[in-house]
Amino acid sequence: MKLDLSPAAPPAPLRPLTDRSAWHLRANAPVVAWLVATVVVAVGHRWIPASPWLLVHLLLLGAVTNAICVWSQHFTDALLRRRITPASRRWQVARLVLLNGAVAATVAGMVTATWVVTLVGAVGVGVAVAAHGTALWLQSRQALAARFAICVGFYVAAAWLLPFGAGLGATLARGLDEGWHTRVVLAHAGFNLLGFVGLTVMGTLMTLWPTMLRTKMADDAPRAARTTLALMLVGLAGGVAAVLAASPPVAAVGLATYLAGIGVSVRPMVTAARRRPPATFATWSAACALAWLVGSLATLVGVLALSGTWETAAARVGIVTVPLVAGFAAQVLLGALTYLVPVVLGGGPAAVRSTTAVLERGAVLRVVLFDGALALFVLPAPSLVHVLASLIALGALVAFLPLLVGALRVHRRARRTPFVPPTAEDVAAAHALGQDLRARSGDARQGPPVEAVTGPRRKGLAVAALSVLLLVAAGGVALDPAALGTGTGASPTEAGASGAVVPTGRTTTVEVEARDMRFFPATIEVPAGDTLVLVVTNTDSTVHDLVLDTGATSGRLAPGTTETFEVGVVGRTVDGWCSIVGHRQMGMVLTIEPVGGSVGGTSLADGGAEPDGAGAGSDSEAGHDGMAGMDHGPGGGDDASGAPSAATDLDFMATPGDDFTAHPAELAPASAETVHRVRLAVSELVTEVAPGVTQTLWTFGGTAPGPTLRGKVGDRFEITLVNDGTIGHSIDFHAGALAPDRPMRTIAPGEELTYTFTATMSGVWMYHCSTMPMSAHIANGMFGAVVIDPPDLPAVDREYLLVQSEYYLGQQGGEVDMDRLATGDPDVVAFNGYANQYDAAPLPARVGERVRVWVLAAGPNRGTAFHVVGGQFDTVFSEGAYRLRPGNAEAGGSQVLGLAVAQGGFVELAFPEAGRYPFVTHAMIDAERGAHGFFAVTG
């Protein structure tokens, strides 16, 4: 075999990019960079401070603002037939550099809570975008009259509105009281999202939409655009003014005017779509984005119109945040880029078609998955369904980035292929067949055809996407069956409501309202023999359900939802209750009584006895006495299985397993930060609370106690509560003084709430869930500590935090036993959530070191008498004041830090010699139930 050592043939020369193509590659690089940053934060949002703010602003302020500044200039140049000069390009580059530096400063300032940096960034963003708008205005004044010059008017107005939004954003970063915070947030969003983004998108779609559809533009499109611009500006001005100075219904009028302006331009767009329906990813994305915009604004108009106060509106407007940011802004950005990138890169028909084909891959799958998942996310559903839907939507959006990389590679290869013009014979043959030569799929020189979202294959992809969404919904419900009321007890056929009554054939329908931990009406009288249908509406702020002793149930009802279900023929007394833990004990019970008629020859109206086998759950069996539902009858929500309490498996002499890790008791010093932003996610976790004993705890941040917060007097705390549980929860910070109405309200599964307070007084303060019954939520793990240092707190060698709490054990892996909780007699008392854990993992110290121990009695029912065996306290700080300090005139010391429930303080001591020093609560029965540990002191 002969080895050929001759040099390889050189590759085909790469045709140079045009100036326009090279410019757009560089100018759009920041757009892609900000999109990548958005994806990184979305994936790691649980561990990133201020992640909701970051997600919104990396996308809108970073990616979308850059894209608007680049592409609005591009469209202005095209519409005005403007010649681009090197000088104008240099000024555009300067504006983009300033913009991206300012965005980076804004993000850095918010993440580090450095308001001066945030202010500098906001000013820079405002200056860059205002300069951009001014440049467009000057260019439009200097150009000849153009038919579509009105589009430039949209861009100019949008750019001049953004500085106002940036100023309000800087004001929000500085901090406002609760009364103004929501209103300024809405005004900020109005200027930025509806003004800057909304106006730009509507001005662009007027010309871009028919271009993407490859159809002609409506003759009246310019006139419609002028009307649209006027209505949107008037509506936006009126809405923002009303937000800052009037009531929600007045703001609704302004927003409705803005929406009407959009409707004027939508009409010619719909006409164009009828002539040539959307058939690509770009066109479907733009159409869906516009639908999300219109739907979100219509919803917001309704919310504002029905809200009498801004406090009421604030609790509702959050439902449109995700649809506007993801459904509208993100989707329209990716749809527009999918169409525009191949066009501006150019390179001839082959390169354009090849690049477009790559960006259009999986079009149907991506569009259906994203918009379907987003619909699942915004509709009432179990929390797990929301989590899975958000992951699918994120994946569908992220797919654009690798496709963009692939498209650029394909474009580069296409530019390497020499272009061979078609021969006269090719043209004649194509014309004879009625074909467009450019659409020939078999011509490698022309590139593959653009895949349209039509045909059997596309329908198959749509069905596949819908199947994935159905699996997500079904899987989420299967993992949380209580969300739909399944698994709550016997089926109606096992314990029916009819007894032996003769059916009348009539139907009685009764409306039931769940609110304030009660059902209204609590007693329902039904003609014996009638079929009863219940229409249950939850008007409360937390999740409820209605379960009957027959097994029939409404399923879980989110706030504001209604469910209708059939009880069946009623011939006996039927008991009902809410199965959410603790709600039954709070009095959320209902009784259905048959009246009139006869059963087995005995008149119910005459007070005759019910027949044998009338069914479990009657008053005679349940023994209700004022607090109905204290028994654990069939279908009971607290422990319907009849399984024994996990307390039977308690062994306080047992040691944890080899994989046990104690809850960290070490307390880090307060940081230098003055603004603390924390994201607390509520989760439901099966957790070991003693060796061999597990409970399903409701937790803040995945632990009980929840994460410890520490700061100084004057520090500001911004806490975002995320309810990833299956029932309603809330949070109450004792460390802040403010009206509890809004920040401490209960939020439903899937919702978020931001709680802002300023620490004005020192101490170790409790935080906890305040949703009723509060005792159940605290006993089931929803508590934690906020440590606010007293001024001039001296440094010590070691600091520890011990939070004492109680468990009232349900079955293994179950939730709190409400009957046991009502006695106030706990099964377990623990420091930091686990019985005797610091026996197995003692807290270290050294002889002579100064040790400070912060203690909080979280309860819910029992305080503490904290004591270190063999130690003496020379410093005692309790409930905001020093009770004892070294060098006192009495030469006194302290043996116990006594705290009632929800009180806190600290003690200090030094250990005189090496050894193991037990620490306990000196309420000895509680020490013997697990409130015990050791200091391991070495020389």
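Residue numbers run from 1 in the order of the sequence given. Predicted model, so just to flag it, every value in this text is computed and none were measured.
- Between Ile319 and Val303, some side-chain heavy-atom pair lies under the 4.5 Å cut-off.
- Across every non-hydrogen atom of Thr257 and Gly235, the tightest pair is CB-CA, 3.8 Å.
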Working note: Asn28 + Trp71, criterion side-chain hydrogen bond (donor to acceptor under 3.5 Å, both in side chains); need CA distance, chi angles, decisive distance, verdict.
CA-CA 9 Å; Asn28 282 286; Trp71 292 104; 3.1 Å; yes

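- One side chain, Trp160 or Thr134, offers a donor N or O that lies under 3.5 Å from an acceptor on the other.
- No option in Gln73, Arg81, His74 other than Gln73 meets the side-chain hydrogen bond (donor to acceptor under 3.5 Å, both in side chains) test with Asp77.
- Distance check: Gln139 CD to Thr76 OG1 gives 6.5 Å after rounding to the nearest 0.5 Å.
- No side-chain heavy atom of Val127 sits under 4.5 Å from any side-chain heavy atom of Arg95.
- Trp292 places no side-chain N or O within donor-acceptor distance of the main-chain N or O of Pro323, the cut-off being under 3.5 Å.
- Annotation for Gly327 and Leu374: closest pair CA-CD2, 3.4 Å, computed over non-hydrogen atoms.
- Side-chain contact between Leu401 and Val32 is present, with heavy atoms from C-beta onward closer than 4.5 Å.
- With rounding to the nearest 0.5 Å, the separation of CZ in Arg361 from CZ in Phe281 is 14.0 Å.
- No option in Leu297, Val301, Leu231 other than Leu297 meets the side-chain contact (heavy atoms from CB on, under 4.5 Å) test with Tyr258.
- At least one side-chain heavy atom of Cys69 sits less than 4.5 Å from a side-chain heavy atom of Leu99.
- Judged purely by atom type and a 3.5 angstrom limit, Thr283 uses its side chain to pair as donor or acceptor with the backbone of Thr280.
- Residues Ser88 and Thr85 bring a donor and an acceptor atom of their side chains to less than 3.5 Å of each other.
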Please walk me through it: do Leu136 and Ser72 pass side-chain contact (heavy atoms from CB on, under 4.5 Å)?
CA-CA 9 Å; Leu136 298 184; Ser72 59; 4.1 Å; yes

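- Smallest separation of non-hydrogen atoms from Gly190 and Leu236: O-CD1, 3.4 Å.
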For side-chain contact (heavy atoms from CB on, under 4.5 Å), just list the numbers for Tyr339 and Leu359, CA-CA rounded to whole Å, side-chain angles, deciding distance to a tenth of an Å, and then say yes or no.
CA-CA 8 Å; Tyr339 178 79; Leu359 287 174; over 6 Å; no

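- Summarising the geometry, atom CZ belonging to Phe191 is positioned 6.0 Å from atom CG belonging to Leu168; distances are rounded to the nearest 0.5 Å.
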Under the side-chain hydrogen bond (donor to acceptor under 3.5 Å, both in side chains) criterion, do Thr299 and Ser296 qualify, and how do the steps go?
CA-CA 5 Å; Thr299 301; Ser296 300; over 6 Å; no

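- Inter-residue side-chain proximity for Asn192 and Val197 is flagged as unmet; no heavy-atom pair is nearer than 4.5 Å.
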Kindly determine whether Met232 and Leu259 satisfy side-chain contact (heavy atoms from CB on, under 4.5 Å), including the steps that lead there.
CA-CA 7 Å; Met232 291 178 74; Leu259 184 57; over 6 Å; no

List the steps, then state whether side-chain contact (heavy atoms from CB on, under 4.5 Å) holds for Ser285 with Val367.
CA-CA 7 Å; Ser285 292; Val367 170; 4.1 Å; yes

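- Closest non-hydrogen pair, Leu199 versus Leu233, comes out as CD1-CD2, 3.8 Å.
- At least one side-chain heavy atom of Val201 sits under 4.5 Å from a side-chain heavy atom of Phe328.
- Using modelled atom types, one side-chain atom of Ser140 and one backbone atom of Trp137 make a donor-acceptor pair closer than 3.5 Å.
- Without hydrogens or angle criteria, His188 side chain to Gly165 main chain gives a donor-acceptor distance under 3.5 Å.
- The shortest side-chain heavy-atom distance between Glu360 and Thr338 falls under the 4.5 Å cut-off.
- Put simply, the side chain of Arg275 never gets that close to the backbone of Leu213: no donor and acceptor are under 3.5 Å apart.
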